[in-house]
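Some notes on the structure that comes next.
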2 protein chains.
Amino acid sequence: MARTTGSDGEKTEAAVREAAVSLIARLGYEAMSMRQLAAEVGVQAAALYRYFPTKEDLLFTLMREHMEGLIEAWDAARPTVADPATRLAAYVENHIAFHIERRHSTHVSNMELRSLSHDRLTQVLRMRTAYEKELRAILRDGAEAGVFSVEDTGLTAMALIQMMTGVIVWFRPGERLSISEVTATYLSMTMRLVGAAHGATTTYGAVRAFERARTL
Amino acid sequence: MARTTGSDGEKTEAAVREAAVSLIARLGYEAMSMRQLAAEVGVQAAALYRYFPTKEDLLFTLMREHMEGLIEAWDAARPTVADPATRLAAYVENHIAFHIERRHSTHVSNMELRSLSHDRLTQVLRMRTAYEKELRAILRDGAEAGVFSVEDTGLTAMALIQMMTGVIVWFRPGERLSISEVTATYLSMTMRLVGAAHGATTTYGAVRAFERARTL
DNA sequence: GCAATAATAAAACGAACGTTCAATTAATTC
DNA sequence: GAATTAATTGAACGTTCGTTTTATTATTGC
């Protein structure tokens with residue numbers, strides 16, 4: 001046997017990516033074998049090497065595209081106004097929505113960093129740092145403007161990101177809480193954490209609107 | 001060759017545990033080979049099987065003892081008073097101190113759960129749930145007493161735990177911040193997040209003391 | 001000092017791993 | 001419809017894996 005009827009390179013490659021994200025998220029990168037992945041796609045292991053030269057190339061591709069997607073999503077969601085509270089709210093909303101939507105690839109990008117070569121790890125971490133820098137800038141602007149009370153911008157940014165990303169550990173779609181309920185609760189926790197509640201700026205109304213929306 | 005001069009079972013077993021925590025934290029459970037571990041200990045791979053019947057037994061032992069240590073530490077640190085703010089402060093302090101102190105085994109216990117068999121995974125998760133239940137109880141008591149403003153006890157508990165545990169991702173001893181500085185900052189973030197700052201109970205003074213301590 | 005036991009080494013086992021290669025068939029191009 | 005290219009198979013390669021077995025030496029108890 002050889003080429004199968006109806007086979008299509010683009011479709012196979014997409015199927016490989018999809019199955020790889022799901023398998024690596026479930027089993028871990030090291031625990032997933034190329035034969036297992038191939039079986040999930042419905043193909044022989046050798047066929048995978050037409051699309052990804054090595055197993056690590058496959059992992060790196062998934063991670064790079066995850067980070068690119070996250071940065072693109074933020075670029076699209078980034079508000080034009082300068083108000084720190086509005087920008088922070090947008091950052092939280094985008095972060096949680098993206099990570100819930102892409103739970104599996106988030107898992108892969110967070111858990112399998114140590115399986116990358118040094119150079120590729122650096123590339124992924126560079127993208128991650130660039131994304132986190134946006135949050136630090138928002139916190140700094142808010143602190144300088146006096147609308148946030150943040151003691152340590154860097155530490156607060158890390159705490160917030162870990163708190164928000166952690167949502168993928170326990171959140172399961174279709175259970176007790178909806179995505180918008182979760183987002184609203186995290187938003188109000190964030191605003192309290194950075195001390196924005198005392199600021200009572202114009203955008204504080206927007207936060208309250210989220211809190212109301214949650215109770216519906 | 002066979003038994004080496006000065007060999008001692010207890011010492012070897014302790015050395016195996018120590019090396020295993022460090023290696024698994026660095027490389028991951030699947031990526032660490034038994035030969036690698038043996039070499040780190042200065043022994044042949046076969047010798048490991050005198051102490052742990054399988055690789056997974058070794059992993060499970062490390063995880064179970066980590067969780068037991070965490071619960072014991074909390075039992076020792078648990079305050080006798082009923083005041084929710086004091087109890088929450090103690091929980092945060094204990095959690096962060098323990099996780100910074102045992103960074104490597106925390107990493108193992110958080111990242112390698114999927115390598116456990118179903119039964120053992122259940123055992124570890126049961127211990128984890130018991131520990132987290134303590135935090136939920138504190139939050140519930142505080143919310144009922146009106147000293148915390150928490151919308152969703154379970155969600156807030158998860159958010160706090162993820163935020164606090166996340167400290168091991170970026171914290172490196174001897175860098176910019178000391179352990180007590182980090183703890184103090186996390187404590188004030190926690191108190192703001194649960195809305196305790198408005199309560200201004202007697203223990204609020206203790207929180208302020210922590211905040212002052214940080215700026216020294 | 002001799003028997004019993006504890007601790008290890010050395011070698012081997014079969015299975016699984018990532019990857020490569022040659023052959024083969026389907027689709028496309030002219 | 002022949003030639004070319006794209007997609008895949010099936011088999012194999014060498015390596016490494018967790019683990020077992022057997023032999024050997026150090027220590028301990030009497």
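So that the names make sense, note that chain A is the first sequence line, chain B the second, and so on, each numbered from 1. Keep in mind that what you see is a predicted model, and the values were worked out from it rather than measured.
The Ala47(B) side chain lies nearest to dT8(C) when the options are dT24(C), dT8(C), dT20(C). Set against dG10(D), dT20(C), dT19(D), the side chain of Gln44(A) has dG10(D) as its closest nucleotide. Among the nucleotides dT8(C), dT20(C), dT8(D), the one closest to any side-chain atom of Thr4(A) is dT8(D). The nucleotide whose nearest atom lies closest to any side-chain atom of Ala46(B) is, among dT21(D), dT24(C), dT20(C), dT21(D).
Of the residues in residues 17-36 of chain A, Met32(A), Ser33(A), Met34(A), Arg35(A) come within less than 4.0 Å of DNA chain C through at least one heavy atom, sorted by number. In the region residues 54-64 of chain A, proximity to DNA chain C at under 4.0 angstrom, judged on heavy atoms, holds for Thr54(A), Lys55(A). Scanning residues 112-121 of chain B for heavy-atom distances under 4.0 Å to DNA chain C yields an empty list.
Within 4.0 Å (heavy atoms only), Phe52(A) reaches no atom of the nucleic acid at all.
The line from CZ of Arg64(A) to CG of Leu59(A) is 11.5 Å long, rounded to the nearest 0.5 Å. Between the NE2 atom in His66(B) and the CE atom in Met63(B) there is a gap of 9.5 Å [rounded to 0.5 Å].
At least one side-chain heavy atom of Leu155(B) sits less than 4.5 Å from a side-chain heavy atom of Met189(A). You'll find the side chain of His99(A) reaches within 4.5 Å of the side chain of Leu70(A), heavy atoms only.
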- Message: Could you walk me through whether Phe52(B) and Phe60(B) satisfy the ring pair (Phe, Tyr, Trp, His ring centres under 6.0 Å) test, starting with their C-alpha distance in whole Å, then the side-chain angles of each, then the deciding distance to 0.1 Å, before giving a yes or no?
- Response: CA-CA 10 Å; Phe52(B) 301 97; Phe60(B) 176 63; over 10 Å; no
Might you work through the side-chain contact (heavy atoms from CB on, under 4.5 Å) test for Glu65(B) and Val21(B), ending with a clear yes or no? CA-CA 11 Å; Glu65(B) 289 176 356; Val21(B) 167; over 6 Å; no
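An OP1 or OP2 oxygen of dT9(D) is reached within less than 4.0 angstrom by no side-chain nitrogen or oxygen of Tyr49(A). Contact between the side-chain N/O atoms of Thr12(A) and the OP1/OP2 oxygens of dT8(D) is found at a separation under 4.0 Å.
Annotation: salt bridge (Lys or Arg N to Asp or Glu O under 4.0 Å) contacts of Glu134(A) (sequence neighbours excluded): Arg78(A). With sequence neighbours excluded, no residue forms a side-chain hydrogen bond (donor to acceptor under 3.5 Å, both in side chains) with Asn94(A).
Between the OH atom of Tyr51(A) and the P atom of dT19(C) there is a distance of 17 Å, given to the nearest Å. Counting to the nearest Å, the C1' atom of dT27(D) and the NZ atom of Lys11(B) are 14 Å from each other. Per the geometry, CZ belonging to Arg50(A) stands 5 Å off P belonging to dA7(D), to the nearest Å. Rounded to whole angstrom, the span from the CG atom of Leu48(B) across to the C1' atom of dT8(C) amounts to 11 Å.
Donor-acceptor pairing under 3.5 Å is recorded for the side chains of Asp57(A) and Thr54(A).
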Residues 22-45 of chain A, side-chain donor-acceptor partners within the protein, below 3.5 Å, at least two apart:
unit_1   : atom_1 : unit_2   : atom_2 : d
Tyr29(A) : OH     : Glu56(A) : N      : 3.2
Ser33(A) : OG     : Gln36(A) : N      : 3.0
Gln36(A) : OE1    : Ser33(A) : N      : 3.3

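Here the two rings, on His95(A) and Tyr131(A), have centers that are under 6.0 Å apart.
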